[in-house]
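The structure appears below as structure tokens.
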Amino acid sequence: MTERAFGIHSVLEILKRDPRSVQELLLLNGRLDKRATALLQRAEAAAVPVQRVSRAELDQMVEGRHQGVVALLSSAQAISADLKWSEAQLLAALKSSEQVLILVLDGVTDPHNLGACLRSADAAGALAVVIPKDKAADVTPVVRKVACGACETVPLVRVTNLARTLGVLKEAGVWVYGAAGEANQSLYEVSASGSIALVMGSEGRGLRRLTRDTCDFLVSIPMAGAVSSLNVSVATGVCLFELQRQRRCR
């Protein structure tokens, strides 16, 4: 079974991190710009076959903006290309730093939102992203495209029981902050010291009750306009970078 990765950043990151996972690189006929050249050089160095194809062929292969490049991977190779950790690996990584930031997504189902959250997590320097195994989006070609390479750089931890994992993180010294629109405490009022797990709720529903009850603190993003909430991926970016800003200003 063949899986597909598409988009310049996503495919380039796979070629950098695990070129053996790429069976074939399909590149748009006539594309000769610098980014395409960089892809070709990476592919040639790794002995990855390259085929020039028409835009129509690429359009039929994937849904979304492929930017003139598609990488073909087997299912097993696609899994190895993505950076995935177990809960045990996450706990082991916590010991390497006194102050880490972990993003936890409580049932985000839209692959575009998952991809955008992974991209923000990478940009903000998060240690890992934790998601539940059930009723949540997993890595797909769309997620890889939107994440722009973050699937290959940010560890994704899929867990069976999210509330239990949060409890384990708390026992390991991690403070758990949940984002909730009705919370009385503003995100800009918290003390972002120590290791933090930031928990974002699902689209529409927000945090589940058990997840909410497990959090040490609930925080909200002050809204100055007419809308009452932000898209989860936008809210994730705001929260991650505010926490990191506070840490840099200390």
Side-chain angles (χ1 to χ4, degrees), residues 13 17 82-108 113-133 136-139 143 147-180 183 185-202 207 210-221 232-250:
E13 193 59 43
R17 184 176 178 272
D82 300 331
L83 188 52
K84 295 186 178 181
W85 279 359
S86 65
E87 184 181 287
Q89 287 175 297
L90 174 61
L91 293 175
L94 281 175
K95 299 176 182 178
S96 64
S97 176
E98 295 181 357
Q99 184 169 273
V100 301
L101 182 58
I102 300 167
L103 175 61
V104 182
L105 301 177
D106 185 20
V108 169
N113 283 334
L114 175 58
C117 288
L118 282 165
R119 185 174 182 178
S120 292
D122 175 86
L127 174 67
V129 175
V130 180
I131 63 173
K133 289 183 178 179
D138 198 3
V139 176
V143 173
C148 289
C151 290
E152 294 76 42
T153 58
V154 179
L156 186 66
V157 187
R158 298 182 70 226
V159 299
T160 302
N161 187 320
L162 192 61
R164 190 197 70 80
T165 297
L166 291 176
V168 171
L169 290 174
K170 290 169 70 172
E171 290 176 0
V174 178
W175 293 101
V176 179
Y177 287 74
Q185 187 176 24
S186 164
L187 170 69
Y188 305 116
E189 299 170 345
V190 302
S191 175
S193 59
S195 292
I196 294 176
L198 171 67
V199 190
M200 306 299 297
S202 63
L207 297 175
L210 188 56
T211 303
R212 181 189 301 264
D213 292 345
T214 308
C215 293
D216 293 306
F217 306 99
L218 295 178
V219 297
S220 62
I221 300 173
V232 63
S233 63
V234 175
T236 295
V238 170
C239 292
L240 286 173
F241 279 94
E242 171 58 19
L243 293 174
Q244 291 294 46
R245 184 197 66 80
Q246 290 188 29
R247 290 180 169 183
R248 293 191 182 99
C249 292
R250 289 183 180 277

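What you are looking at is a predicted structure, and each value in this text was computed from that prediction instead of being measured. The chain is numbered in sequence order, starting from 1.
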Legend entry - Identified side chain to side chain contact (heavy atoms under 4.5 Å, CB included) partner of Met200 from the options Val104, Asp106, Leu103: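 Looking at Val104, Asp106, Leu103, the match for Met200 under the side chain to side chain contact (heavy atoms under 4.5 Å, CB included) is Leu103.
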
State the [atom1]-[atom2] distance between [X] and [Y], to the nearest 0.5 angstrom.
X: Arg212; Y: Leu210; atom1: CZ; atom2: CG; result: 11.5 Å
X: Leu114; Y: Asp138; atom1: CG; atom2: CG; result: 7.5 Å
X: Ile221; Y: Glu242; atom1: CD1; atom2: CD; result: 9.5 Å
X: Asp213; Y: Leu166; atom1: CG; atom2: CG; result: 11.5 Å
X: Cys239; Y: Gln244; atom1: SG; atom2: CD; result: 12.5 Å
X: Leu198; Y: Leu240; atom1: CG; atom2: CG; result: 5.5 Å

Please examine the side chains of [Y] and [X], heavy atoms only from C-beta on, and report whether any two atoms are closer than 4.5 Å.
X: Leu207; Y: Leu218; value: yes
X: Thr214; Y: Val176; value: no
X: Thr153; Y: Leu118; value: no
X: Leu90; Y: Ile102; value: yes

Considering all heavy atoms of both residues, which atom of [X] and which atom of [Y] are nearest to each other, and what is their separation?
X: Lys84; Y: Gln89; result: O-OE1, 4.0 Å
X: Ala183; Y: Ser220; result: O-OG, 3.2 Å
X: Leu91; Y: Leu169; result: CD2-CD2, 4.1 Å
X: Lys170; Y: Asp216; result: CE-OD1, 3.2 Å
X: Cys117; Y: Ser233; result: SG-CA, 3.8 Å
X: Leu105; Y: Val129; result: CD1-CG1, 4.0 Å

Legend entry - Verdict with supporting geometry, Val108 and Ile131, side-chain contact (heavy atoms from CB on, under 4.5 Å): CA-CA 8 Å; Val108 169; Ile131 63 173; over 6 Å; no

Inset, instruction - For Arg119 and Ala150, indicate whether the former's side chain and the latter's backbone hold a donor-acceptor pair under 3.5 Å. - result: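 Judged by distance alone, no pair lies under 3.5 Å.
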
Inset, instruction - Not counting sequence neighbours, which residues clear ring pair (Phe, Tyr, Trp, His ring centres under 6.0 Å) with Phe217? List them please. - result: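 Result, ring pair (Phe, Tyr, Trp, His ring centres under 6.0 Å) vs Phe217: Trp175, Tyr177.
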
